[in-house]
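Structure first, commentary second.
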Amino acid sequence: MSGETVKLISAEGFEFVIDKKAACVSKTIHNMLTSPGSFAEREHGEVTFPEISTTILEKICQYFHWSLQYASHRCAYLCKLHLSVPSGKETEFHIEPELTLELMMAANYLHT
């Protein structure tokens with residue numbers, strides 16, 4: 001991880017400390033953390049999501065890191081095809097079916 005981290009807080013108060021670059025995969029979080037002015041999120045490096053459960057926020061954090069590792073690299077096309085990169089690492093991001101609806105709603109809000 002790089003030196004700069006942010007804290008994402010779920011509806012239940014669980015805190016995820018992740019790399020700021022990973023969190024900024026979300027356009028919404030990026031705007032919260034980089035907008036000019038004295039916004040609490042920017043000053044404290046914390047973003048609270050009162051409508052996103054711990055389970056969903058955890059999966060979102062996993063996706064942010066996955067996106068940095070796979071989607072933003074030259075293997076983005078292979079990822080869309082669900083193929084493996086030459087190293088043999090799996091590039092498909094697994095989503096449990098029971099989380100799909102909540103993840104879609106959160107992804108819509110987060111612009112990811």
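Each residue takes its place number in the sequence, starting with 1. Only heavy atoms go into these numbers, but all of them, side chains included; no hydrogens, no water, no symmetry mates.
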Inset, instruction - Ignoring hydrogens and angles, tell me if any N or O in the side chain of Glu15 forms a donor-acceptor pair with the backbone of Ile9 under 3.5 Å. - result: no
Legend entry - Closest contact, heavy atoms only, Arg42 versus Pro36: NH1-CA, 3.4 Å
Legend entry - Leu68 reachable from Tyr70 in the ILVMFWY side-chain graph, under 4.5 Å edges: yes
Inset, instruction - Identify whether Met32 and Val25 are in the same connected component of the hydrophobic contact network (ILVMFWY, side-chain heavy atoms under 4.5 Å). - result: yes
Legend entry - Any donor-acceptor N/O pair, Ser26 side chain to Ala23 backbone, under 3.5 Å: no
Inset, instruction - Show your working on side chain to side chain contact (heavy atoms under 4.5 Å, CB included) between Phe16 and Lys7 and close with a plain yes or no. - result: CA-CA 5 Å; Phe16 295 90; Lys7 188 183 298 184; over 6 Å; no
Legend entry - ILVMFWY network linking Met105 to Ile95, side-chain heavy atoms under 4.5 angstrom: no
Inset, instruction - Might you point out which heavy atoms bring Ala11 and Glu51 nearest each other, and give the distance in Å? - result: CB-N, 4.4 Å
Inset, instruction - Enter the distance from Leu33:CG to Glu43:CD here, rounded to the nearest 0.5 Å. - result: 12.0 Å
Inset, instruction - Output the distance between atom OH (Tyr109) and atom OG1 (Thr28), rounded to the nearest 0.5 Å. - result: 6.0 Å
Inset, instruction - Please work out whether the ring planes of Phe93 and Tyr63 are parallel, tilted or perpendicular, with thresholds of 30° and 60°. - result: perpendicular
Inset, instruction - Could you tell me whether Lys59 and Glu102 have a side-chain N and a carboxylate O separated by less than 4.0 Å? - result: no
Legend entry - Derivation and outcome, side chain to side chain contact (heavy atoms under 4.5 Å, CB included), residues Lys27 and Leu110: CA-CA 6 Å; Lys27 293 176 187 174; Leu110 295 171; over 6 Å; no
Inset, instruction - Could you go through the side chain to side chain contact (heavy atoms under 4.5 Å, CB included) check for Phe64 and Leu8 one step at a time? - result: CA-CA 12 Å; Phe64 291 163; Leu8 306 181; 4.2 Å; yes
Inset, instruction - Any chance you could lay out the side chain to side chain contact (heavy atoms under 4.5 Å, CB included) test for Glu46 and Val6, step after step, and finish with the verdict? - result: CA-CA 6 Å; Glu46 295 181 6; Val6 296; over 6 Å; no
Legend entry - Nearest non-hydrogen partners of Asp19 and Glu4, listed with the distance: OD1-O, 3.6 Å
Inset, instruction - Find out whether Phe49 and Thr54 are in side-chain contact, i.e. whether some heavy atom of one side chain is under 4.5 Å from a heavy atom of the other. - result: no
Inset, instruction - Starting at CG of Leu57, measure out to CD of Gln62 and round the result to the nearest 0.5 Å. - result: 10.5 Å
Inset, instruction - Enter the distance from Leu99:CG to Ile60:CD1 here, rounded to the nearest 0.5 Å. - result: 10.0 Å
Inset, instruction - Answer yes or no: is there a side-chain heavy-atom contact under 4.5 Å between Ser53 and Glu12? - result: yes
